[in-house]
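Presented below is the structure to which this report refers.
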Amino acid sequence: MPNSVYISNSGICVINYTKSSKINISKYDEAPLKDGCIIGGIITDAAAITSVLKDMQARNPDMFKNVSLTIDSSAIITKLIPIPGLNKAQTLKLIEEDMSDKSNTYGELLCDYSYMKKDKTGTTVLGAALSRAALESYINCFKEAGIKLQSIRIGVELLLRSVPKMFAHNDITYAVNIIDGISMFSIIFENGSFVFSTRTRIVGESLDQSAMAITQSLSGLIQFNKQITHSLYIGADADLLSRIESFNQTNVKILPLDIYKDMSSDRPLGPSAHFAYLGTLCDKEYINLIDTHNRPVKSTEKKKNNKTLPIVAAGLAFLLFTGAWLFFLFSAKSIEKENGEIIKYLAGDETAKTKAEIDALESKLKKISFYNSNFSAAAMTVELFPRIDKEIFDLVFDQTQGAVTIVTSSYSSVMNTLLLTGRAKTQLDVSAFMERLQDTESFQNVSYTGYSEKEDAFYFNVELQIGTRD
């Protein structure tokens with residue numbers, strides 16, 4: 001029998017099943033993971049995960065044969081791409097070219113695709129990319145535990161294919177949120193098509209704090225797409241849904257989404273089983289990252305690139321350097337001759353003092369603008385969690401340098417962690433913001449796992465563990 005496995009932030013679950021008109025669950029097992037083993041789908045403690053896998057396999061060896069793993073990670077880049085009449089090799093090349101600019105952030109990327117729509121109106125594929133290092137971290141955990149993986153599926157694709165069948169309202173814009181322990185994955189459908197996805201930490205000491213974090217996440221989604229009319233929740237019980245509704249100050253309808261209506265099981269599944277169950281619904285045409293990983297690299301093309309790129313880069317660098325140097329010489333002579341008095345003034349002490357005053361004033365004005373545009377999220381976070389000092393937000397804002405906007409914020413008092421969702425115009429602005437946060441040395445840890453691109457903006461999540469480093 002096939003087995004579907006999923007590793008969440010809080011544990012590992014495995015489903016042994018058969019497939020007919022319903023998904024018949026024969027066995028189900030789960031085991032907890034210690035905090036921090038995996039964050040946002042990124043493995044941070046491979047040894048601990050391997051150890052738990054070995055224990056689970058010893059307990060139920062039949063449940064770790066013919067294994068399909070589902071992964072959900074913010075490091076997975078996905079995009080719906082319309083394509084002309086191309087063969088498989090041409091389509092893959094198109095996907096790789098489309099994703100190539102992301103390699104500066106993620107490193108070497110492995111790309112693949114699956115057909116989402118293929119009819120008279122055209123062909124659309126789901127392009128996906130994941131860094132080799134991130135993918136191999138999963139493969140190696142199972143390999144060290146003596147478990148062979150038959151396939152690795154992508155959580156986003158499972159949602160894209162299953163949700164429109166479960167919620168057949170393709171004429172509206174709606175959000176689907178899958179609550180996975182202390183994390184929540186959200187995806188927006190517009191007229192039945194995927195447009196955006198993001199992840200949020202929802203840690204809270206009380207039901208109200210968890211509901212508030214979820215509501216703030218919804219506010220961020222609405223800011224991204226104001227056409228959202230419904231927000232569906234997988235894994236939210238009646239009490240949590242009631243609290244979300246009480247905090248919701250928008251016109252968006254809050255609804256549960258039951259993904260288990262076609263399941264037959266003698267026992268309820270655990271709170272981390274949602275993606276494992278969705279994995280039982282997949283078919284052969286879905287993306288399989290094991291096949292992607294095993295695809296041979298064209299050595300001739302690699303060698304060619306290795307030889308050509310340094311030569312081209314060196315040539316361009318020489319031309320740019322020469323041109324810039326000549327431009328500098330001519331410009332400097334001209335400025336010195338015609339604008340000597342201006343240069344002298346700019347070098348004066350009074351000018352330096354004036355410039356410093358102007359910079360200070362601009363900084364104050366930017367802070368006023370920041371709190372104006374983000375007052376709701378920041379003030380609500382401070383009110384709900386008194387341990388958060390307003391100075392923390394000042395510190396974070398200083399690192400935005402006007403290039404990043406904070407969309408939502410929340411706080412985990414358990415982990416003393418500030419959770420932010422933000423956006424920037426370019427991916428370089430996002431990366432630079434993360435580097436500046438790390439350079440402050442005011443946070444014990446800055447956890448950032450990538451961004452999602454939508455039209456002319458880049459959205460990201462970051463976790464800031466408050467406290468100075470040792």
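- If you check the side chains of T292 and N288, you find no donor sitting under 3.5 Å from an acceptor.
- Pairing each heavy atom of N177 with each of M184, the nearest pair is CB-SD, 3.7 Å.
- For the pairing with H274, the side chain to side chain contact (heavy atoms under 4.5 Å, CB included) check across L159, I234, T70 returns one residue only, I234.
- S10 and S272 form a side-chain donor-acceptor contact under 3.5 Å, judged by distance and modelled atom types alone.
- Separation of atoms CD1 (I139) and NE2 (H293) is listed at 4.0 Å; rounding is to 0.5 Å.
- Looking at heavy atoms from C-beta onward, E463 lies out of side-chain contact with L418 at the 4.5 angstrom threshold.
- Heavy-atom contacts from other residues, nucleotides or ligands closer than 6.0 Å to NZ of K34 number 12 or fewer.
- The shortest non-hydrogen separation linking C141 to L53 is O-CD1, 4.0 Å.
- Heavy-atom minimum distance, Y277 versus T280: O-OG1, 2.5 Å.
- Taking CD1 of I187 as the start and OG of S197 as the end, the distance is 5.5 Å to the nearest 0.5 Å.
- Proximity of I71 to I76: side-chain heavy atoms (C-beta onward) are separated by under 4.5 Å at one or more points.
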What do the steps show when you test I38 against L33 for side-chain contact (heavy atoms from CB on, under 4.5 Å), and what is the final call? CA-CA 9 Å; I38 182 167; L33 287 172; 4.3 Å; yes

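- Under the 30°/60° scheme for interplanar angles, the aromatic rings of F224 and Y459 are found to stand perpendicular.
- Separating the OG atom in S8 from the CD1 atom in I179 is a distance of 13.5 Å, to the nearest 0.5 Å.
- No hydrogens or angles considered: a donor-acceptor pair under 3.5 Å links the side chains of S231 and Y233.
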Check against side-chain hydrogen bond (donor to acceptor under 3.5 Å, both in side chains), E30 and Y28: CA-CA 7 Å; E30 60 183 6; Y28 173 76; 2.7 Å; yes

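- Taking CD1 of I178 as the reference point, atom CG of L232 lies at 12.0 Å (rounded to 0.5 Å).
- At least one side-chain heavy atom of M116 sits under 4.5 Å from a side-chain heavy atom of L160.
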Please report the C-alpha distance between N248 and T215 in whole Å, then the side-chain angles of each, then the deciding distance to 0.1 Å, and finally whether the side-chain hydrogen bond (donor to acceptor under 3.5 Å, both in side chains) criterion is met. CA-CA 6 Å; N248 179 28; T215 306; over 6 Å; no

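- Around the CG atom of N251, the shell of radius 6.0 Å holds no more than 12 heavy atoms that belong to other residues, nucleotides or ligands.
- Atoms CG and CZ, on L241 and R243 in that order, are 12.0 Å from each other to the nearest 0.5 Å.
- Of all non-hydrogen atoms in N191 and T173, the two that sit nearest each other are N-OG1, 4.4 Å.
- Surrounding NZ of K93 are at most 12 heavy atoms belonging to other residues, nucleotides or ligands under 6.0 Å away.
- Checking side-chain atoms of S265 against main-chain N and O of P268 turns up no donor-acceptor pair under 3.5 Å.
- No side-chain heavy atom of V404 sits under 4.5 Å from any side-chain heavy atom of K425.
- T50 contributes a side-chain N or O that, together with a main-chain N or O of A46, makes up a donor-acceptor pair within less than 3.5 Å.
- Using cut-offs of 30° and 60° for the angle between ring planes, the H169 and H230 rings count as parallel.
- Across every non-hydrogen atom of I228 and L221, the tightest pair is CD1-O, 3.6 Å.
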side-chain contact (heavy atoms from CB on, under 4.5 Å) evaluation trace for I83 with Y115: CA-CA 10 Å; I83 62 169; Y115 290 98; 4.2 Å; yes

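- Note that NZ of K19 is 11.0 Å distant from CG of D262, once rounded to the nearest 0.5 Å.
- Within a 6.0 Å radius of CG in N87, more than 12 heavy atoms belonging to other residues, nucleotides or ligands are found.
- Residues A48 and C37 share a closest heavy-atom pair of CB-SG, 3.6 Å.
- Tested against F194 for a side chain to side chain contact (heavy atoms under 4.5 Å, CB included), the candidates T78, V176, I188 yield a single pass: T78.
- At a threshold of 4.5 Å between non-hydrogen side-chain atoms, the residues P84 and L86 count as touching.
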May I have the step-by-step check of side-chain contact (heavy atoms from CB on, under 4.5 Å) for L218 and I244, ending in yes or no? CA-CA 10 Å; L218 175 58; I244 295 171; 5.6 Å; no

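- Between S26 and Y17 there is no side-chain heavy-atom pair separated by less than 4.5 Å.
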Run the side-chain contact (heavy atoms from CB on, under 4.5 Å) test on D180 and F185 for me, step by step, so that the C-alpha distance in whole Å, both residues' side-chain angles and the decisive distance to 0.1 Å come before the verdict. CA-CA 8 Å; D180 174 22; F185 174 68; over 6 Å; no

Donor-acceptor pairs under 3.5 Å, side chain of residues 148-158 to any protein atom, not counting sequence neighbours: which ones?
residue: S151; atom: OG; partner: S68; partner atom: OG; Å: 2.8
residue: R153; atom: NH1; partner: Y286; partner atom: O; Å: 3.0
residue: R153; atom: NH1; partner: I287; partner atom: O; Å: 3.3
residue: E157; atom: OE1; partner: I287; partner atom: N; Å: 3.1
residue: E157; atom: OE2; partner: S114; partner atom: OG; Å: 2.7
residue: E157; atom: OE2; partner: R161; partner atom: NE; Å: 2.9
residue: E157; atom: OE2; partner: R161; partner atom: NH2; Å: 3.1

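- M1 has its side chain out of reach of K27: every pair of non-hydrogen atoms, C-beta onward, lies at least 4.5 Å apart.
- Inter-residue side-chain proximity for Y113 and L94 is flagged as unmet; no heavy-atom pair is nearer than 4.5 Å.
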side-chain hydrogen bond (donor to acceptor under 3.5 Å, both in side chains) for T426 and D429? Distances and angles first, verdict last. CA-CA 5 Å; T426 71; D429 288 334; 3.1 Å; yes

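- No more than 12 heavy atoms of other residues, nucleotides or ligands shown are found within 6.0 angstrom of CD on Q227.
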